[in-house]
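Presented below is the structure to which this report refers.
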Amino acid sequence: MPSSNQRKRVLSGMRSTGKLHLGNYVGALQNWVRMQDQYECFFFIADWHALTTDYADTSKVKENSLEVLLDFLAAGLDPERCTMFIQSHVPQHAELHLLFSMITPLGWLERVPTYKEQRDNITEKDLGTYGFLGYPVLQAADILIYKGDFVPVGEDQVPHVELTREIARRFNQFYGKKAPILPEPQPLLTPAAKLPGTDGRKMSKSYGNTIMLTDPEPVVRQKLKTMVTDPARIRRSDPGNPDVCPVGDLHKIFSSKETMAKVNEGCRSAGIGCIECKGWVADALVQVLQPMQQRRKKYEDNPQLAWDILEAGSAAAGKVADATMKDVRASMDMSLE
Ligand code: SF4
């Protein structure tokens, strides 16, 4: 393994929204686990970001952060191979966020696609706050404070990384005339497998269609039993098509080639029933989830172990953040020394 100073640095975070589901695993965590040896990785729990939409009641924030960390560890993130930390324990992020908020034009934030989309779609909360409009600025601070080389993202989040790059550029134009202070990170496009929820829509907590990483085997099997299938298969004797069936999508991600061949043949010829087919995908899911649940148990039984990991990670991240803030303050003639 190359030493940490030869490896490129990767930065990514997840909001502290509580226990994670299979969509979080396939869309992000699984890739993070693979990256641990290839890159110098910083993965953080974004508890301040959770406040941008859920600011009124903070009673669950800490508990939710712990649940996210337990799922990080369950999925295979290893504190010996990556740095895991909690955003609010590295307050330097807030200082850089404030400085960026001085230089970021409002128009840049108003045109972020998710801003308008979420304001239109989330009607039960008042999102007309300064914090919600400014969350991409906080995101830019989260990334740039580590001078990250790469940010692993799906296609839909590329505009966020682009905004971070624009903020870095603008900062460097103002304060880094001799040499850029903040390097522009690149998006690292991660394979975006289509992971449907039990109702066939994208798996998401807000749709109530999730399979959680902590779901025990009987719950996984029960959820799959009720999962929607190819609507053309009304009767057992109707042939179906795994390419238009959400259960087929799960097979493509989790099942072996042999099982996939049986599904393709059996579904298209009506040789198998959907119940049998769902049983096979449940088998594959249980194989993925059980080792995670075993790893998680050690920390569930002793949450202090998990908090210790976060504390050590936050201290290590704080050192890097501090060094960047020294450069930033010096470049703006605002050194504390
Ligand atoms: S047999 Fe499987 S892939 Fe085919 S429609 Fe039923 S659940 Fe979907």
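The figures here come from the full heavy-atom set of this structure, side chains too, leaving out hydrogens, waters and symmetry mates. All of these numbers come straight from a predicted model, not from anything done at the bench. Numbering of ligands and ligand atoms starts at 1, following listing order.
For ligand 1, the atoms closer than 4.0 angstrom to any heavy atom of Asp230 are 5 (S). Within ligand 1, the atoms closer than 4.0 Å to a non-hydrogen atom of Thr229 are 7 (S), numbered from 1 in the order shown.
At a cut-off of 2.8 Å, Cys245 coordinates atom 8 (Fe) of ligand 1 through an N, O or S atom. Inclusion of Cys267 in the first shell of atom 4 (Fe) of ligand 1 is supported: an N, O or S atom falls under 2.8 Å.
Using a cutoff of 4.0 Å between basic side-chain nitrogens and carboxylate oxygens, Asp215 and Lys223 are scored as salt-bridged. A salt bridge links Arg296 with Glu67: at least one charged nitrogen is closer than 4.0 Å to a carboxylate oxygen. Ion pairing of Lys297 with Glu300 is absent here, as no side-chain N (NZ or NE/NH1/NH2) approaches a carboxylate O to less than 4.0 Å. The pair Asp327-Lys147 meets the salt-bridge criterion, with a side-chain N (NZ, NE, NH1 or NH2) lying under 4.0 Å from an Asp/Glu carboxylate O.
Nearest protein heavy-atom neighbour of atom 1 (S) of ligand 1: Arg233 NH1, 3.1 Å. Protein heavy atom nearest atom 2 (Fe) of ligand 1, with residue, atom name and distance: Cys277 SG, 2.4 Å.
Using cut-offs of 30° and 60° for the angle between ring planes, the Phe85 and Phe44 rings count as parallel.
Residue contacts with ligand 1 for Cys274 involve both N, CA, C or O and side-chain atoms from C-beta outward (heavy atoms, distance under 4.0 Å).
Atom CD of Glu162 sits in a crowded spot, with more than 12 heavy atoms from other residues, nucleotides or ligands closer than 6.0 Å.
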